[in-house]
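Worksheet: one structure, shown below.
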Amino acid sequence: MENKETASSKKIITEKGRTLKDLLAGPDIIAARVDGRLVDLSTRLDEGKEVEPISVHSKEGLEILRHSTAHVMAEAVKALFPDARPTIGPATDDGFYYDFDRDKPFSYEDLAIIEKKMSEIIAADKPFSRKEISKEDAIRYFAEQNEPYKVEILNDIEDDTVSLYTQGDFTDLCRGPHIPSTGYIKAFKLLSVAGAYWRGDERNKMLQRIYGTAFASKDELDDYLDFLEESKKRDHRRLGRELELFMMSDEVGPGLIIYLPKGGMVRSILEDFEKRLHLKRGYNIVYGPGILRGELWKISGHMDNYRENMYFTEVDNQLYGIKPMNCLAHILIYRSKIRSYRDLPLRYFELGTVTRHEKSGVLHGLLRVRQFTQDDAHIFCMPDQLIDEIVSIINLVDEVMALFGFDYETEISTRPEKSIGTDEDWELATSALKQALETKGLDYDINEGDGAFYGPKIDIKLKDAIGRKWQCATIQCDFSLPQRFDLSYIGQDGRKHRPVMLHRVVLGTIERFMGVLIEHYAGAFPVWLAPVQVVVMSITDAQRGYAQGIVEKLKENDIRAELDARNEKIGYKVREARSMKVPYMAIVGQREMDEDTITLRDRSGRQEKMSIDGLISRINSSVPKI
RNA sequence: GCCAGCGUAGCUCAGUGGUAGAGCAGCUGAUUCGUAAUCAGCAGGUCAAGGGUUCAACCCCCUUCGCUGGCUCCA
């Protein structure tokens, strides 16, 4: 979303007795900031205050607009469905929602009716008015209105005074601020209905949520709706089928991926790339088994903290856990020898396939599956090497994300409720992560209670070509498992010391990363990743042998080439190669055959005649240096 | 797992309480062609599965499975 600076964002000084609305002219100004607080335009202030107008085009202004639109929606819903009890209705990153408690869920047909009612409320241009009352009065009011959720929220508020906002027939408990009147809503749309737990807790009652969005102008709303359409076109599930990359099958089971030859090719390229990348950076490639004894998962704490995500099986009366993570084998590799401080850090890398029982409702194409392969590594190091190791992982992530054209954001997730280890260790681990990010000069958010059960983590959210965020890479700092498995190294002093362990993935998982890549590139992979790099196509049968020879020569030079010598018109072949998003077409007719050349057509439709060696060097030079 | 919607040919989608349709893809033949669709013919389905209502169910009801959008959870 844009954050437009407008001419009216300069500060002004208030005059006594006049409302901000009198002072801040302009249809785009919907609120103001005074003393760092956002306030309504109806506010009357003392003389001499410095006031910053808030435009609907700013990020904060848009949020206010959307929040107000949520109130209007609640008014419409209450008018149309008196049995619906309002709960909460905030603005979100790209719109708003309002949750209602209602026995009968809303249907998509209801949305049109609600939209119509909202349009009437907007056309009536009803003012939003703010009233401050005591908490007790507010509780009494909402109890009378038969709105128990508002009463429950009020009971959790510590302030003695709360604010209510009223527009038309609807009054809501709300901090504000709001737009001056409903007529300020110029463009809105209701998008979907969904169930949502009261206060986001699955033990609570499920409420009925309506999602919508609002924008400062009709054009911006249309742009957003176009963006949603564009996202649909890029959907990796659709492209995965169209480009013959992967499939899923009811017969196999949900959340399980079958790679078709083209998707298998892409995966194999990614995996080769990763192996070279890690070998060059001092990692050792290892492999662990897919099932490990139950006893091991008890020691690690998975049995107590991760059991609901694990599958178990029994072999010869022994309990085995199917691995949901790759760390245990790596720990055993570390422990298989006595380690000296001189050996550290040790970095074990595995393209490890793990299996996790994900709840059925969360599965989603390649992005959320039940069996997946992580580009996983575990680094064992001395405590004083920790920061350097984290920094070099961040550097690696940085390099790889740049290669694929992703920008990213970082956040730190701290200790969750279900976890192992001492507070001191968690503190140490968390501060190491913070320090590493600070060393790199990276900003980060804190995500309280969202760490892994064995340690805090840095989550890296990458941003794709159309601005969507995806969680792929993560770096987790762990003091607990080395302790649980009694890992040690002999220090310079000849005594045993405890190493620290880092768990980290860069792409995250091959599945998710491929899904994200497909959407990022809209299926048009860069040449080095494209499953088919060039299709050699003949104009007529007379060039079949020539074209065949070119394909063979390309393949000898490690180029992924296919022949299209079918008895079809060239336009048909071009069309098909374009829809399969093949980067290059090498077209050969009589002219090219006579000159021993090809006509190369790229994705943009640009064409040039060149030698076959020219084509080989062009394609091979596209492979990134790592 | 929870809420809602959906499930018809490989894909995209029509369709009706009374024997199942189109386009594309596929196959066969003709066409030998210069940059996004040559023409003709053929074939393709236990209408997700199981049960029920009915003289009769793809259609109505129930159950299960799967998918989609959310919620919770997550790489």
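First the proteins, then the strands, lettered A, B, ... as listed; each starts at 1.
A:A70 approaches A:Y97 most closely through the heavy-atom pair CB-O, 4.0 Å.
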Report task. Could you run through nucleotides 59-74 of chain B and give me one letter per nucleotide, 5' to 3': B if any protein heavy atom sits under 4.0 Å from the base, S if only the sugar-phosphate is that close, - if neither? Result -> -------SSSBBBBBB

Report summary line: Per-nt protein contacts along nucleotides 33-39 of chain B (heavy atom under 4.0 Å; B base, S backbone sugar-phosphate only, - none) come out as BBBBBB-

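For the side chain to side chain donor-acceptor pair (under 3.5 Å) with A:E519, the qualifying choice from A:R234, A:R237, A:H236 is A:H236, the only one to do so.
Aromatic ring orientation, A:Y348 versus A:H330: perpendicular (interplanar angle above 60°, classes split at 30° and 60°). Note: A:Y306 and A:F453 have tilted aromatic rings, judged against thresholds of 30 and 60 degrees for the angle between ring planes. Ring geometry for A:F406 versus A:F404: interplanar angle of 30 to 60°, hence tilted.
Within 6.0 Å of atom CZ in A:F312, more than 12 heavy atoms from other residues, nucleotides or ligands are found, so the atom counts as buried in its surroundings. In this structure, A:D103 places its CG atom where only 12 or fewer heavy-atom neighbours from other residues, nucleotides or ligands lie under 6.0 Å away.
B:rC3 and B:rA20 have their P atoms separated by 36 Å, with the value rounded to a whole Å. Spacing of C1' atoms, B:rC59 relative to B:rU53, comes out at 13 Å, to the nearest Å.
Straight-line distance from the CD atom of A:E244 to the P atom of B:rA25: 13 Å, rounded to whole Å. Between the CZ atom of A:R241 and the C1' atom of B:rA25 there is a distance of 13 Å, rounded to whole Å. Regarding A:F513, its CZ atom lies at a distance of 12 Å from the C1' atom of B:rA75, rounded to whole Å. As rounded to whole Å, 6 Å separates atom P of B:rG1 from atom NE2 of A:H357. Taking atom CD on A:E411 and atom C1' on B:rA75, their separation rounds to 14 Å, with Å as the unit.
The salt bridge (charged side-chain N to carboxylate O under 4.0 Å, His left out) contacts involving residues 348-374 of chain A comprise A:E202-A:K359, A:K323-A:E350, A:E358-A:R368, where partners must be two or more places apart or lie in separate chains.
Looking only at side-chain heavy atoms (C-beta outward), A:I539 and A:E592 stay at 4.5 Å or farther from each other. The closest side-chain heavy-atom distance from A:D110 to A:F81 is below 4.5 Å. Within the 4.5 Å cutoff, the side chain of A:I458 has no heavy atoms near those of the A:E411 side chain.
Remark: RNA chain B takes part in the stems B:1-7 with B:65-71, B:10-13 with B:21-24, B:26-30 with B:38-42, B:48-52 with B:60-64, each of 3 or more antiparallel Watson-Crick or G-U pairs, criterion distances under 3.5 Å.
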Between the protein and nucleotides 42-44 of chain B, list every N/O to N/O distance that falls short of 3.5 Å.
none

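Contacts of A:V369 with the nucleic acid, taken as non-hydrogen atoms under 4.0 Å apart, include base atoms.
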What side-chain donor-acceptor pairs closer than 3.5 Å can you find for residues 257-267 of chain A, not counting sequence neighbours?
{"from": "A:Y259", "atom 1": "OH", "to": "A:E511", "atom 2": "OE2", "distance (Å)": "3.0"}
{"from": "A:R267", "atom 1": "NE", "to": "A:E271", "atom 2": "OE2", "distance (Å)": "2.7"}
{"from": "A:R267", "atom 1": "NH2", "to": "A:E271", "atom 2": "OE2", "distance (Å)": "3.2"}
{"from": "A:R267", "atom 1": "NH2", "to": "A:T373", "atom 2": "OG1", "distance (Å)": "3.0"}

